[in-house]
Asks: 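Take this structure, written in structure tokens, and hold onto it; I'll ask about it next.
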Amino acid sequence: MSKITNRQARPQRNSRRRALVLVLVQLALLAHIAHWLLTGSSIAPLEPSEAISFARSKVVTPGLIVLCVAVLSTLFVGRFFCGWACHLLAVQDGCAWLLRRLKIRTRPLRSRVLRLVPILAFVWMFLVPLYSRISSGGSHTLTTEWVTSAFWKTFPGPVVSIITFLVAGCYVVYLLGNKAYCNYACPYGAILGASDSFSVGRIVVDDSKCNSCMVCTQVCSSNVIVHQEIKEFGAVVDSNCMKTLDCVANCPTQALSFQLSKPAIMRRAGPPPVSTLHPLTWSEELVLALGFCFGFFATHDLFGAVPFLLALGFGLVSAHGALQFKRKKVSWAQSKINFVAVVFASSFFLHAALVQSQALMRDYHFNQTFDLRMGYLRGEVSLPLKPESMQAFLDAAFFASTTEWISYAGQERNAYVHGWTHLMSGDSEGFEREMYEVLDRRPDFGEVMFQLGIHYWVSGKEPQAIEILQKIDHSDPKYLTAQEYIEKINSHALEHQH
Ligand code: SF4
Ligand code: SF4
């Protein structure tokens with residue numbers, strides 16, 4: 001048996017320590033979920049994505065606090081939060097470890113264009129809703145939600161969650177290298193990466209000890225070109241450095257250390273240095289960008305089920321496939337497994353794009369009917385509509401049917417469109433049937449309950465109206481008027497009795 005030397009022991013100790021911290025953090029999160037399952041309510045999720053409630057409706061949640069703490073700590077010591085606490089990073093590291101054990105080599109993709117994706121994702125996820133809330137001039141008051149019984153309301157179901165971890169945490173790592181999701185998709189990575197540029201916590205080099213052996217670059221699971229950066233800047237300046245400290249622990253001459261030092265922003269002017277390792281040409285970058293956009297838009301909200309973060313993962317898979325085609329690497333003769341995988345993935349994306357195009361047409365026509373629908377709910381439109389007014393409903397229903405047909409699955413949005421088309425053509429029962437189908441799939445869908453309640457009231461079915469309106473979550477500011485309607489219906493009924 002070979003003896004473990006002191007130098008071999010250090011890196012192992014560091015990896016084990018980080019793995020242990022990651023496991024403990026994940027266990028704490030599982031304990032949190034278990035507490036909610038056992039007691040029916042718990043502290044609201046600590047997931048940074050919950051900060052979206054603040055952007056949309058000025059609600060302060062524990063998730064917002066976690067995001068703020070992560071940003072502030074990163075501003076000071078760098079991205080330790082990413083490297084030592086994130087669950088998606090833990091899955092990526094676990095997958096990379098498994099691939100190494102299986103002796104499957106992955107080569108990191110070093111794209112300049114894909115690095116823009118996290119920034120755009122952050123803008124789309126947080127800044128756009130924040131801007132639209134502020135610019136709409138809505139009368140949102142600052143509220144808090146520390147404890148919740150609806151713990152899972154903003155998260156996808158178990159199947160989609162597992163697919164998200166498999167695609168973003170495993171498949172993307174297999175295709176694009178470890179931490180590819182962090183570097184090329186994660187919206188939190190954008191804000192944490194930007195904060196890292198100002199941080200004084202840095203991996204710095206002692207030039208007199210460095211012999212340019214490149215071990216630091218080889219061990220970096222964040223694909224940072226460590227040896228190049230320390231040579232040029234005296235420290236790691238790449239904002240993708242997640243302070244795993246693997247380079248520090250593995251450096252054979254102990255030339256690297258983590259210290260408080262000049263921030264990256266003061267060490268380099270302009271964008272991060274372009275990698276000299278496996279650089280991509282601009283035409284390859286363009287193909288990656290197009291492939292990403294295709295995969296993302298083809299899958300985002302597909303079947304009303306693919307969440308934003310998973311669609312970003314699909315975008316990366318599609319980008320990789322596009323690059324494979326460009327490099328003419330898709331051939332049965334070269335690799336049968338690769339060929340089958342690419343054909344399967346291409347079929348999936350093409351089918352998804354077809355479904356999305358039909359859904360887009362459905363929504364386009366259905367949006368034209370907004371005034372008529374609202375007019376009906378205000379009691380200003382009498383039914384059935386004249387044929388010329390029905391046209392947009394019929395077009396929307398046609399595309400709802402084709403969407404359903406080619407996706408081999410019912411969707412709540414399709415049932416919703418069919419329901420309104422029934423109603424406007426005078427089939428009130430058809431409307432109620434389709435709306436209940438929507439509620440079967442999404443029992444807490446306030447908008448549908450609200451519209452169904454008003455429809456019952458307009459049709460003189462007051463008990464049913466009250467029953468459905470009472471089921472709405474009245475704490476949701478969007479449906480405050482539901483309570484007013486209940487009171488209105490009750491007083492109307494009393495007047496009739498007198
Ligand atoms: S591993 Fe250490 S000695 Fe080798 S290039 Fe990196 S810093 Fe220099
Ligand atoms: S540069 Fe060093 S500390 Fe930063 S991610 Fe890479 S190995 Fe970890």
Side-chain angles (χ1 to χ4, degrees), residues 303-304 358-405 407 409-474 476-498:
F303 309 132
Q358 299 303 295
L360 214 64
M361 292 301 290
R362 173 200 66 198
D363 292 344
Y364 167 76
H365 288 293
F366 194 61
N367 288 343
Q368 319 272 315
T369 67
F370 181 80
D371 289 343
L372 284 168
R373 284 182 280 131
M374 293 306 109
Y376 170 75
L377 293 175
R378 286 194 299 266
E380 295 164 1
V381 169
S382 50
L383 303 180
L385 291 181
K386 293 197 181 98
E388 60 271 24
S389 306
M390 272 307 292
Q391 195 51 50
F393 281 101
L394 294 175
D395 290 340
F398 171 79
F399 285 108
S401 298
T402 54
T403 308
E404 217 158 78
W405 186 67
S407 60
Q411 277 179 43
E412 61 201 39
R413 182 78 178 155
N414 293 331
Y416 184 72
V417 170
H418 284 310
W420 272 101
T421 310
H422 283 306
L423 181 63
M424 291 299 170
S425 61
D427 176 6
S428 190
E429 280 176 16
F431 173 74
E432 291 157 20
R433 191 180 57 244
E434 298 284 0
M435 290 295 145
Y436 278 111
E437 197 182 317
V438 175
L439 290 175
D440 273 349
R441 291 165 199 268
R442 235 179 101 184
D444 61 343
F445 201 160
E447 193 179 333
V448 168
M449 285 192 260
F450 187 68
Q451 293 178 357
L452 194 53
I454 305 298
H455 157 73
Y456 277 136
W457 184 48
V458 170
S459 333
K461 298 176 182 173
E462 282 151 1
Q464 288 99 321
I466 291 181
E467 191 189 333
I468 194 94
L469 288 172
Q470 275 172 339
K471 287 184 185 160
I472 296 177
D473 175 8
H474 293 141
D476 187 332
K478 271 195 295 184
Y479 304 115
L480 286 177
T481 46
Q483 189 57 38
E484 287 169 22
Y485 269 101
I486 293 172
E487 282 157 20
K488 210 189 276 186
I489 295 167
N490 279 332
S491 64
H492 196 246
L494 271 176
E495 270 171 34
H496 263 261
Q497 279 173 14
H498 290 305

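Quick caveat: nothing in here was measured; it's all calculated off a predicted structure.
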Asks: Quick check for you: to the nearest 0.5 Å, what is the distance between Gln470 atom CD and Met449 atom CE?
Replies: 12.0 Å
Asks: Are any of the side-chain heavy atoms of Ile468 and Tyr436 separated by less than 4.5 Å?
Replies: yes
Asks: Scan residues 377-388 for pairs that pass side chain to side chain donor-acceptor pair (under 3.5 Å), counting only residues two or more places apart or in two chains.
Replies: Arg378-Glu380
Asks: Would you check if the distance from the ring center of Tyr364 to the ring center of Phe399 is below 6.0 Å?
Replies: no
Asks: Could you work out, with side-chain hydrogen bond (donor to acceptor under 3.5 Å, both in side chains) as the rule, every residue matching Arg373, not counting sequence neighbours?
Replies: Thr369
Asks: Could you work out, with side-chain hydrogen bond (donor to acceptor under 3.5 Å, both in side chains) as the rule, every residue matching Glu467, not counting sequence neighbours?
Replies: none
Asks: List the residues meeting salt bridge (charged side-chain N to carboxylate O under 4.0 Å, His left out) with Arg442, not counting sequence neighbours, and say none if there are none.
Replies: Glu412
Asks: Mind checking side chain to side chain contact (heavy atoms under 4.5 Å, CB included) for Gln464 and listing every partner two or more places apart, or none if nothing turns up?
Replies: Tyr456, Lys461
Asks: State plainly whether the residues Asp363 and Arg413 are in salt-bridge range, i.e. N to O under 4.0 Å.
Replies: yes
Asks: Anything under 3.5 Å between a donor and an acceptor, one on a side chain of residues 420-427, the other on a protein residue two or more places apart or in another chain? List them.
Replies:
residue: Trp420; atom: NE1; partner: Gln451; partner atom: OE1; Å: 3.3
residue: Thr421; atom: OG1; partner: Val417; partner atom: O; Å: 2.8
residue: His422; atom: ND1; partner: Asp427; partner atom: OD2; Å: 3.3
residue: Ser425; atom: OG; partner: Thr421; partner atom: O; Å: 3.1
residue: Ser425; atom: OG; partner: His422; partner atom: O; Å: 2.9
residue: Asp427; atom: OD1; partner: Glu429; partner atom: N; Å: 3.4
residue: Asp427; atom: OD1; partner: Gly430; partner atom: N; Å: 2.8

Asks: Once rounded to the nearest 0.5 Å, what's the spacing between atom OH of Tyr416 and atom CE of Met435?
Replies: 5.5 Å
Asks: Taking NZ, NE, NH1 and NH2 as the nitrogens, is one of them in Glu437 or Arg433 under 4.0 Å from a carboxylate oxygen of the other?
Replies: no
